[in-house]
Number of protein chains: 2
Amino acid sequence: MTTPAQGLHPHVLTALGLAITAGEYPPGSVLRTDELSQRFDVSRTVVREVVRVLESMHLVESRRRVGVIVLPTASWNVYDPQVIRWRLAGADRPRQLRSLTVLRSAVEPVAAGLAAAHATPEQCRELTEQALGMVATSRGRQLEAYLVHDIAFHRVVLNASGNEMFARLGDVVAEVLTGRTHHQVMFEDPDPAAVTLHVQVAEAVRERDAVRAEELTRQIAVGALKELDVLAP
Amino acid sequence: MTTPAQGLHPHVLTALGLAITAGEYPPGSVLRTDELSQRFDVSRTVVREVVRVLESMHLVESRRRVGVIVLPTASWNVYDPQVIRWRLAGADRPRQLRSLTVLRSAVEPVAAGLAAAHATPEQCRELTEQALGMVATSRGRQLEAYLVHDIAFHRVVLNASGNEMFARLGDVVAEVLTGRTHHQVMFEDPDPAAVTLHVQVAEAVRERDAVRAEELTRQIAVGALKELDVLAP
DNA sequence: GTGACATAAAAGTCATACTTTTTGTTCCCG
DNA sequence: CGGGAACAAAAAGTATGACTTTTATGTCAC
């Protein structure tokens, strides 16, 4: 299964990144650039660039006279969106989804509280719009449309928090929500209680009620965690 | 001011990384590899590897027939420890410290709650030890020694949470605490109230009291935020 | 057994030649 | 005068070969 890509560098990078994050090479494994260049049928130049990138993600370490050593999971840059995507595509996706959801449960309530304080009128409007969109698509098997609004909603909250670190988690949340919808058994429509909570969060932010926005978002997070427990105990 | 480094690649990487994160090149600026290779007196090979790494951090984007374009802050990988270090070394260090502290305030309480549930006896012991170390060094201008215990304490909590994403924030917390101690006016010994709170957190974790551990850690976080407000309003 | 030393293996660096993509320009035709 | 198509140049992307540097490892003398 060769990964499709426009250039050689992206091709080799994703191939190696996927293989390593999938645990195909256990920590301590040694790769050599010449061997890789042969295997992928590219020049050493390309391989070296790829290795440098993997090194910056702390997936591997390059040592003279030894080769390219695969590092243990503990040292990986698990916040790198690229790494997250690779891992979500692999086997320990459930574990990954869980740890990301826990992260969400910590961050999003605080972000919502800040959003209540800092959101611009435009952001309030957008938030309400997405919440209403969720309501509209919450019944009758419109899961894909619902997902779009759900992602947009959470992204607005994170952006409106005014905190750069929170804002950058928008992609992570998008991955998690997408994963949940696509991967898990989604015969049923979304939980009506959750939908209501989203509407109420939009309300709280609009009314500048930080405490309420935080608490309501915390309830959403608790719901998401419970959902995980049901499906992967 | 050439940055010291063992290899050529790290040298050029840190030089460029620092320059870009410092805003020396405004977003949209265009660099050319030939020019860079001349400026740093290294081969194009080295420059290309560096550019690829910067590209993976979303600091720049390389386009054919155009050059290497500096991207706006919004697209940077702000969770990359390397990027964090570069930015903390630069001019908007205060803003950076604030956003990282807010992140801490969201994550650490939840992590402490989880730690109360998951910490091994060894981790409990370590936690208590570090808390006692903080007490012992909290008076008489032993700020450096205190810092070591402080960092170790928070690192143990994050690790003990059992959540990979939390654990990887240990380095970030270390940077923030170090920055606070070294950068700010630290004529006074640490706040005794904060020291006490740390001891109590260790206690709560030992007693498996998740709610209390979370609440106490939240108080520590609130204190840290207040401290920031005093010094950079 | 221990320590100094030699060897070789692999990454690191460099220079150069060539390919590919993209953009800006020019020129022709309507 | 305007628009579009062909063209040319610029810069990144790729490939290759030669050389340097570091360092693990084996060897030999003591």
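Residue numbers start from 1 in every chain, and the chains themselves are labelled A, B, ... in the order their sequence lines are given, proteins ahead of strands. What you see is a predicted model, and the numbers here were worked out from it, not measured in a lab.
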- request: Report the residues that fulfil side chain to side chain contact (heavy atoms under 4.5 Å, CB included) with B:P72, sequence neighbours left out, ordered by chain and then residue number.
  value: B:P27, B:S75
task: Determine whether B:Y25 and B:V68 make a side-chain contact, defined as any pair of heavy atoms from C-beta on separated by less than 4.5 Å.
output: no
- prompt: Going 5' to 3' along DNA chain C, which nucleotides are the first and last within contact of chain B (any atom under 4.0 Å from a heavy atom)?
  reply: C:dT13 to C:dT23
message: Enumerate the salt bridge (Lys or Arg N to Asp or Glu O under 4.0 Å) contacts for residues 151-162 of chain A, please, sequence neighbours excluded, ordered by first and then second residue.
response: A:R155-A:D171
task: Could you list the residues that satisfy ring-ring contact (aromatic ring centres under 6.0 Å, His included) with A:F40, not counting sequence neighbours?
output: none
message: Heavy atoms within less than 4.0 Å of DNA chain D: which residues of residues 49-65 of chain B have one? Give them sorted by number.
response: B:R52, B:S62, B:R63, B:R64, B:R65
- request: Sequence neighbours left out, what passes ring-ring contact (aromatic ring centres under 6.0 Å, His included) with A:Y79? Give chain and number order.
  value: B:Y79
message: Counting only heavy atoms and a strict 4.0 angstrom limit, can you tell me which residues of residues 31-47 of chain B come near DNA chain C?
response: B:V42, B:S43, B:R44, B:T45, B:V46
Rounded interatomic separation in angstrom, taking CZ from A:R48 and C1' from D:dG17: 15 Å
query: Which residues pass the side chain to side chain contact (heavy atoms under 4.5 Å, CB included) test with A:V47, sequence neighbours left out?
result: A:T33, A:L36, A:S37, A:V42, A:V51
query: Rounded to the Å, how far apart are A:I69 CD1 and D:dA24 C1'?
result: 12 Å
statement: Residue set satisfying side chain to side chain contact (heavy atoms under 4.5 Å, CB included) with B:T101, at least two apart, ordered chain then number -> B:V176, B:A224, B:L225, B:L228
message: Tell me every residue that passes ring-ring contact (aromatic ring centres under 6.0 Å, His included) with A:H198, counting only those two or more places apart in sequence or in another chain.
response: A:F153, A:H154
Under the salt bridge (Lys or Arg N to Asp or Glu O under 4.0 Å) test, residues paired with A:E61 that sit two or more places apart: A:R63
statement: Those residues at least two apart in sequence (or on a different chain) that pass side chain to side chain contact (heavy atoms under 4.5 Å, CB included) with B:R125 are B:E122, B:E129
